[in-house]
2 protein chains.
Amino acid sequence: MSDSYHHGNLRQALIDAGVKIINENGEENLSLRKVAALCNVSHAAPYSHFKDKDELVEAIKAHVTGQFMTELEKAVSDAPSSEKALVDMGRNYVAFFMRRPDYFKFLFSGQNIVAHIQPGKEHPEDYPPFVLLKETYLKYLSENKIPRTEEEQEVDILKLWASAHGLASIACMSGVEVSFDWEKKISTDELLR
Amino acid sequence: MSDSYHHGNLRQALIDAGVKIINENGEENLSLRKVAALCNVSHAAPYSHFKDKDELVEAIKAHVTGQFMTELEKAVSDAPSSEKALVDMGRNYVAFFMRRPDYFKFLFSGQNIVAHIQPGKEHPEDYPPFVLLKETYLKYLSENKIPRTEEEQEVDILKLWASAHGLASIACMSGVEVSFDWEKKISTDELLR
DNA sequence: CACGCATCTTTACACTGTCAAGATACAAGC
DNA sequence: GCTTGTATCTTGACAGTGTAAAGATGCGTG
């Protein structure tokens, strides 16, 4: 049961509480003490599971990134071709953060994203959403037998990522207005790719 | 003179101190009290000039945005054509923040950028760098007599902005590695446009 | 000269992250 | 079963933060 604290699943409960606070009160209201209070636990209890506030935040980010990933993976698995998958990934990338602007600010306000653009130079700590984009792009190349130098590939990957990420960023800055239905427009693939 | 505090230029001194802190100790070390201390003034003195910490931060942002703007304006005035101006603006956009990653996090960690994409729907509070991009793009259209519907124009503007902004954002996330010389590559216009 | 007002200081408060010391309770060994 | 140990949680404290109220200071205007 969930009332048997003092042992069990406090670590996960703290992460969930953090996500809840971000969703309900915004990223700027996330604090160690509030997270602890939400779990009915003293303000120093989190230190048994995380050495830092940063370590808690990092765990919450990993959790949110997980949700983000399932959204992107759905785009890939639902797409009939790898070309469509690429475009749909971008669409879901932007749509995810339009639905939860606080997640964007939370995930990318720090500076800890690691990513190796160069094909073949993967790294275990690479940011998972980026890895998926890279894989999908490479599959697109090989499926369609498109010849591309390594440097051209790097540029392509960077452009794909940047356009989706930049669009998401702009969409999350509260006062940016477009005349058309933004989400609808994105789904017609005119903005991405 | 600058020693005659207690009257004079405290407001501007606070802004300059804020910029200095961001440059030397990073955006996360910016605090009202440190800014006040740097000006040899009590910790509550800023409240005579700003109602909030937010209002101070907003003033500092405006100051930094000013530096950013002169960088972009230089690209426009130095370019022989409006087409070249567009590309160079993007290049300077990214280069500026690559030189000062802390400025990027500082400027865009909040959510107060206002921008009206639709041509003809300008607003006095629109983000100046965006306004310049929009103007340059429209000049490019008219100079080259390129026919474009209003919605197509919106999409173009958004794509231009998003690619530059996304590239800057990615470049500012510490662990993103490319095999080529990033700044050099950007200046060859292969990434932007 | 006196008044008023903008500016700055002092003091206080709630909230934050962090740490040290102690309490609690489960698991393992005898 | 009882003791011991260790992971977990509590309590209390401290420095740093933003903010508000109250008082001090000194300039310009009447």
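What you see is a predicted model; the values in this text were computed from it and never measured. Each chain gets a letter, A, B and so on, in the order its sequence line appears, and its residues count up from 1.
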Atom-pair distance ([atom1] on [X]; [atom2] on [N]), nearest Å:
X	N	atom1	atom2	result
A/Lys53	C/dT18	NZ	P	8 Å
A/Glu28	D/dT17	CD	C1'	16 Å
A/Phe50	C/dT18	CZ	C1'	16 Å
A/Asn40	D/dT10	CG	C1'	14 Å
A/Tyr47	D/dT10	OH	P	15 Å
A/Asn9	D/dT8	CG	C1'	13 Å
A/Arg11	D/dC9	CZ	C1'	17 Å
A/His49	D/dA7	NE2	C1'	9 Å

Margin query: Using a 4.0 Å heavy-atom cut-off, does B/Lys51 contact any base of the nucleic acid, only the sugar-phosphate backbone, or nothing at all?
Written below: nothing
When you measure from the side-chain N and O atoms of A/Ser42 to the phosphate of D/dT10, is any distance below 4.0 Å, counting only OP1 and OP2? yes
For D/dT17, take OP1 and OP2 only and decide whether either is under 4.0 Å from a side-chain N or O of B/Lys34. yes
Heavy atoms from C-beta onward define the side chain here; which of [options] lies closest to that of [X]?
X	options	result
A/Ala44	C/dT7, D/dC9, D/dT10	D/dT10
B/Asp52	C/dA20, D/dT19, C/dT7	D/dT19
B/Ser31	C/dC8, C/dT16, D/dG18	D/dG18
A/Leu32	D/dT8, C/dT18, D/dT17	C/dT18

Could A/Glu122 and A/Lys134 be called an ion pair, given the rule that one side-chain N must be under 4.0 Å from one carboxylate O? yes
query: Hey, does the side-chain of B/His43 have a donor or acceptor N/O within less than 3.5 Å of a partner on the base of C/dT10?
result: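 Looking at the base of C/dT10, it does not pair with any donor or acceptor on the side chain of B/His43 (distance under 3.5 Å).
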Side-chain donor/acceptor of B/Arg33 to base of D/dG16, under 3.5 Å
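Looking at the base of D/dG16, it does not pair with any donor or acceptor on the side chain of B/Arg33 (distance under 3.5 Å).
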Residues 59-72 of chain B vs side chain to side chain donor-acceptor pair (under 3.5 Å), sequence neighbours excluded, gives B/Glu71-B/Arg99
> Is the B/His165-B/Phe108 ring centre distance short of 6.0 angstrom?
Replying inline: yes
(Q) Which heavy atom of A/His43 sits nearest to which heavy atom of A/Ala36, and what is that distance? (A)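 Closest approach of A/His43 to A/Ala36, heavy atoms only: CA-CB, 4.0 Å.
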message = Can you tell me which residue among B/Phe104, B/Phe106, B/Trp182 is in a ring pair (Phe, Tyr, Trp, His ring centres under 6.0 Å) with B/Phe97?
response =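 So the option named by the test is B/Phe104.
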